[in-house]
Every structure is written in C-alpha cells, then in structure tokens.
Amino acid sequence: MCSIMAYCGEGISREQLKKYFDRTLSRGPDCSKITDTGNGLMAFHRLAIMGLGAEGMQPFESEDGICICNGEIYGFEKIKKDLISKGYTFKSGSDCELLLPLYREKGTDMFKILDAEFALVIYDKKTRSYIAARDPIGIRPLYYGRDGRGVTVFASEPKNLVGLVDKIMPFPPGHFYKDGEFYCFDDITAVDKVCYDDIGTICSNIREKLVKGVEKRLVSDAKIGFLLSGGLDSSLVCAIAQKKSAQPIRTFAIGMSGDAIDLKYAKQVADYIKSEHTEVIIDKNAVLNSLEKVIYILGTYDITTIRASMGMYLLCKAIHENTDIRVLLTGEVSDELFGYKYTDFAPDAEAFQKESVKRIKEIHMYDVLRADRCISVNSLEARVPFGDLDFVRYVMAIDPEKKMNRYKKGKYLLRHAFEGDYLPRNILYREKAAFSDAVGHSMVDYLKEYAESRYTDKEYAEKIKKYDHARPFTKESLLYREIFEKYYPGQSAMVKDFWMPNKEWEGCNVNDPSARALSNYGDSGK
C-alpha cells in the first residue's frame, strides 16, 4: 500500500499538510514527498512493491501534469509498450509511471481501460485543475472533503482529514472527479446481458477467470504471502497460487488459544498444497487490548467489520514484525458475489441479485475496508483476486437463479468449479463460517461480555438517544460507536449503516450480524 493526499488549492503550508498526512505514514514507510503544484499540494508515502528503485518514487511529474497513485495496474507492460511506440520514455519499472502519459493520450477515458486496483489524483498543469479517480470496487481507499476555505482535499484515509475538513466522505468507486463533479466511468454491478449458459460452461469460466485473477496478482518485485483461514475463499486463492509457484508459498492463519475453528482447516489446506505455513495464536487480552486501536485504524463503528478485523489485524501485525513479506493475497469479495449464509433466505432470484448488487456497491465500506486497513497499517499491501474486474463482471452476469442455493450447499458454482485436485473435498465443500467466529467463538463472546460490563441498562438506553444516524442497538455497538466518535467526531455518515442480513427476508430479522444468529448456521462453526 501507499498513502496519497492532495490539497487542491492555496491556503495550507507543507508543514501543516504534513501533520495530517503523517497519520498514515505506516501505509508507505519507505519514502515521503510533498510537491507544490503551484495551485495546491500533492503528497505521497511510498511502500515500494513494483519498481523498487528511487526512480519509482512519486509524485510523478511531466511537463503537463503531476500524478499520485496508490494502486496496482495489471498488464501495465502492454500499455507501457504502446506508449513507448508513441514516443514516451520511462525512467522506472513502476506501473504507475504510465498514468500521466496515458492521461495525455486518453484524458478521463483512461479510467475505463485500466485493469487495476487504484486511487489516484492528477494535477493538469494546462487547465490548473485536479482530477481524481477510484477503481470500480473501491479496493484502494480514497476519501474527500472541503475545508473552511472551500478547498477540496483528497486522502487515502479519513484520519488524514479529521480536523481539516468539515464532512468526510468516501470517494465513490468507479467514479472520477473533475471540475467539482463526480462522473461514473464503470458500474461494475451493471449487467448488459444475463449469462444463461449451462452449469458446466459457467463453472469452467469461473475457474479460468479466477485462476487468471490470482496469477496476475503474483507479479511483484516484493515478497508475497497469503492469508489462509481454511475457509473456501482463502483456500482457493492459496491452492491456485501454489499451482502457479515453483516454490512453496507462505501461508498464515490465526486463532484463539482455546477454541480456534479455522486453524485445523488451514493446516489441512497447507499440508495438502505443501505451503510453508505459520500459525499465530491469540488470547482474550490480545483482543481486548487491541480493540480501541483497531477501531481507530478502521474508521468504522460497524460490528461485523470490527469483529472480523481483530484477528486480521493481529495476524498482519505478526507477519510485519516477523517476516520480510510486503504483499498479502486475501479472499474478500467472494461472498458478495456467490452468497452468504443469510442469502439462502432470499425469496427469489431477483432478490438475490439485488442483494448482491447492494453488497458489491457498498463493500468498500465493509470487508474491503477491513482488509485494506488491517494490512496497510502494518506496512503491507493487500491484493484481492476475487475482486478482479473481469471475474466480478462475469459472476454478476450469471443467471441469479443458478447462483442461489438450489443445491443444498451455498456458493455451489464456485465449489463445483474447482473440483479436482485443488483442495481436499472436505475443505471445498466445508460449510461457511464467518471469519470472526472461526478465529474462535470466544473472541466475539469476550467482546460482547466486555461491552455488557461497560454500561448498565439505564446508561445504555440514555446514551443511544444521542445518535440519529446508525443508532446503536446493542451495548457492543454502543461501545464501538463511542470509540469511533472519540477519533472521528460527527463523521458516522462515512459508513452507510450497520452491515446486517436483509431483515426484510423471512429468517433474517436478527439483532446480531453473526451467521451464528441464523437458523441455517448448522455445521458452520464446527
């Protein structure tokens, strides 16, 4: 990961901007730079992943523009070759160096052709204006606001903007900003033509596209590792990667000391694919002592996101402190495409697809946010194969009737697509368990018990009244909200609401986001 920030006008000094920008120094600890555009400031903290030399340091500057980008551009070699044929020259191996020449050639149409996870800001010297953009899923973070002078400010994280702007908002994925307006360049959920192919053809395409999605994310000048929970999604990423790697890949799993569910399954996968595997064990004190820091890191009050971040943050912390790995592949975005436990309750195919659209559009505020913050705060980079643009477009277009759980097994298409020698069958067809539960049921129980001890029933009833937006509905959610407000006062609108099952569906009207609250949880927690 890297960190970017742009103050798009006059009125702030380098020293003042640096105070805000250095709040995300962990995203890019290798090198930092602030550039004066003549009409504002652009800042960059670097985590070197591609083009490790000093020549790859940003901001990149040309005679007609300046660019900062936190991103990975896949297949950039072909774009670079085309630009060289048009007379452009390059001084580094960085994929992001091609963005200014591409902007010169294509203008804002460039964003439609990028196969990338990115958040960027370009200063156009000719028009003296700023252009910003974010990838269609929002894998890379970007936030914005306006200060007291009315100047627009962009930054990788909301913590960069606290105290500088009045209202902090997430930059909408799949949009670019120009001349004060946002324009959609790619709605990744839009389906032009529904795919009614047979199951065999669909599963073959799913397998081919996910394999390509993993393969392109193995290209790195820095060392790569893999988060392995033992669940379907992370296990598939690891299995595919191992097949594409000449040497054993490095996999990492985490669990509570007393009742970790995932550790045994992660070890089964690691033994099967013959990875170099590491287990990290945590306890109650590690969880509770990290809670406030995790909420500050995340910039959310959402229960699901916070619970799931506890294990992920501590695992990434251990990887950062004990290895030389800089890139981590993860399993996010699969559930939003193929379904959760609660989507088994979808009343029909149209409702299933509508829920998938909603979740993909909002995932940048939840699971993707979790992965980004837990990994980047530990000076690592996240790559998300299930978020591959071609893969997401294809799965979104599949007839939702085929994606629903008509097979007595959720996410059947994904499982069926990888039958063979990728994974042991018991892993491939293992029931879904939420990550926060699978780290150990005790972890969530400890968090809930701690919250219960903080408030009497009377205190809880009084305290929740002060919140109009996303009002807390349990003592646990109140605890998280109060910690959030300590660091991000009045900024709750950064997150749409609590991530919860669709309460409009029969069987989903629950007051806890954990799949454990659902009647179909079954063997998920075993």
Side-chain angles (χ1 to χ4, degrees), residues 1-8 17 20-35 41-52 56-61 66-74 76 92-100 102-103 110-111 114-123 130-144 153-161 170-177 217 219-222 297 299 326-328 330 332 364 368-384 387 389:
M1 295 298 184
C2 298
S3 184
I4 64 174
M5 191 169 182
Y7 187 88
C8 306
L17 186 71
Y20 297 102
F21 189 46
D22 281 356
R23 293 172 182 171
T24 51
L25 184 59
S26 62
R27 295 187 70 93
D30 294 339
C31 192
S32 300
K33 185 178 179 181
I34 297 177
T35 295
L41 299 171
M42 297 175 75
F44 187 74
H45 290 315
R46 185 188 188 195
L47 179 69
I49 301 296
M50 299 295 294
L52 303 183
M57 180 59 187
Q58 301 183 39
F60 288 116
E61 186 166 1
I66 305 172
C67 177
I68 47 177
C69 178
N70 168 27
E72 291 294 334
I73 301 167
Y74 302 110
F76 75 93
S92 78
S94 170
D95 50 336
C96 293
E97 190 183 357
L98 59 79
L99 292 169
L100 280 177
L102 193 61
Y103 174 70
M110 67 182 280
F111 304 124
L114 289 177
D115 179 11
E117 303 161 357
F118 70 92
L120 63 78
V121 181
I122 292 173
Y123 179 66
Y130 287 86
I131 296 93
R134 189 180 186 190
D135 68 73
I137 296 175
I139 301 293
R140 297 303 170 97
L142 192 62
Y143 291 78
Y144 72 97
V153 191
F154 299 105
S156 287
E157 294 192 27
K159 60 174 64 76
N160 298 124
L161 300 176
F171 193 103
H175 286 67
F176 69 86
Y177 167 96
R217 284 163 178 80
V219 179
S220 172
D221 293 332
I297 288 165
R326 286 211 156 191
V327 178
L328 289 173
T330 74
E332 278 74 31
H364 67 101
V368 162
L369 180 149
R370 165 177 56 82
D372 174 83
R373 303 301 193 279
C374 291
I375 291 173
S376 67
V377 77
N378 288 296
S379 300
L380 302 165
E381 173 171 293
R383 292 185 179 178
V384 188
L389 300 183

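Keep in mind that what you see is a predicted model, and the values were worked out from it rather than measured.
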For [X], salt bridge (charged side-chain N to carboxylate O under 4.0 Å, His left out) partners two or more places apart:
{"X": "D95", "answer": "none"}
{"X": "D115", "answer": "K216"}
{"X": "R217", "answer": "E117, D388"}
{"X": "R373", "answer": "E157"}

Who passes side-chain hydrogen bond (donor to acceptor under 3.5 Å, both in side chains) against [X], sequence neighbours left out?
{"X": "E97", "answer": "S92"}
{"X": "S220", "answer": "none"}
{"X": "S94", "answer": "none"}

State whether the side chain of [X] and the backbone N or O of [Y] hold a donor-acceptor pair below 3.5 Å, judged by distance alone.
{"X": "K159", "Y": "T24", "result": "no"}
{"X": "D135", "Y": "F118", "result": "yes"}
{"X": "N70", "Y": "I4", "result": "no"}

Once rounded to the nearest 0.5 Å, what's the spacing between atom [atom1] of [X] and atom [atom2] of [Y]?
{"X": "C2", "Y": "I49", "atom1": "SG", "atom2": "CD1", "result": "7.0 Å"}
{"X": "I139", "Y": "I137", "atom1": "CD1", "atom2": "CD1", "result": "5.0 Å"}
{"X": "N160", "Y": "R23", "atom1": "CG", "atom2": "CZ", "result": "7.5 Å"}
{"X": "L120", "Y": "L142", "atom1": "CG", "atom2": "CG", "result": "8.5 Å"}
{"X": "S156", "Y": "Y143", "atom1": "OG", "atom2": "OH", "result": "10.0 Å"}
{"X": "E72", "Y": "L114", "atom1": "CD", "atom2": "CG", "result": "12.5 Å"}

### Task
Report the residue from L100, L102, V121 that forms a side chain to side chain contact (heavy atoms under 4.5 Å, CB included) with C67.
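Among L100, L102, V121, the one that satisfies the side chain to side chain contact (heavy atoms under 4.5 Å, CB included) with C67 is L100.
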Find out whether [X] and [Y] are in side-chain contact, i.e. whether some heavy atom of one side chain is under 4.5 Å from a heavy atom of the other.
{"X": "L98", "Y": "I73", "answer": "yes"}
{"X": "S32", "Y": "F44", "answer": "no"}
{"X": "R370", "Y": "E332", "answer": "yes"}
{"X": "Y103", "Y": "I131", "answer": "yes"}
{"X": "R383", "Y": "L328", "answer": "no"}

### Query
Is there a side chain to side chain contact (heavy atoms under 4.5 Å, CB included) between Q58 and C69 once you walk through the steps?
CA-CA 8 Å; Q58 301 183 39; C69 178; 4.0 Å; yes
Please report the shortest heavy-atom distance between [X] and [Y], naming the atom on each side.
{"X": "P59", "Y": "T35", "result": "CG-OG1, 3.4 Å"}
{"X": "R140", "Y": "A382", "result": "NH2-O, 3.7 Å"}
{"X": "Y74", "Y": "A116", "result": "CD1-CA, 4.2 Å"}
{"X": "G28", "Y": "H45", "result": "O-CB, 3.3 Å"}

### Query
Hey, are R326 and D221 close enough for a salt bridge, meaning a charged N less than 4.0 Å from a carboxylate O?
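No salt bridge links R326 with D221.
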### Query
Under a 4.0 Å N-O cut-off, is there an ion pair linking R27 with E381?
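No, no charged N to carboxylate O under 4.0 Å.
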Which residues satisfy the ring pair (Phe, Tyr, Trp, His ring centres under 6.0 Å) test with [X], sequence neighbours excluded?
{"X": "Y20", "result": "none"}
{"X": "Y130", "result": "Y123"}
{"X": "F176", "result": "F111, Y183"}

### Message
Angle between ring planes, F154 versus Y177, binned at 30° and 60°: parallel, tilted or perpendicular?
### Response
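Plane angle over 60°, so perpendicular.
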### Message
Between I68 and I122, does the side chain to side chain contact (heavy atoms under 4.5 Å, CB included) criterion hold? Intermediate values first, please.
### Response
CA-CA 7 Å; I68 47 177; I122 292 173; over 6 Å; no
### Task
Mind running side chain to side chain contact (heavy atoms under 4.5 Å, CB included) on D30 and M57 for me, showing each step along the way?
CA-CA 10 Å; D30 294 339; M57 180 59 187; over 6 Å; no
### Message
Going by side-chain contact (heavy atoms from CB on, under 4.5 Å), name the residues that satisfy it together with S26, two or more places apart in sequence or in a different chain.
### Response
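With sequence neighbours excluded, S26 shows a side-chain contact (heavy atoms from CB on, under 4.5 Å) to V377, S379, given in chain and number order.
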### Message
Tell me every residue that passes side-chain contact (heavy atoms from CB on, under 4.5 Å) with H364, counting only those two or more places apart in sequence or in another chain.
### Response
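In terms of side-chain contact (heavy atoms from CB on, under 4.5 Å), with neighbours along the sequence ignored, H364 is linked to R134, P170, P173.
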### Task
Take F21 and S3 through the test side chain to side chain contact (heavy atoms under 4.5 Å, CB included) and record every step on the way to the result.
CA-CA 8 Å; F21 189 46; S3 184; 3.4 Å; yes
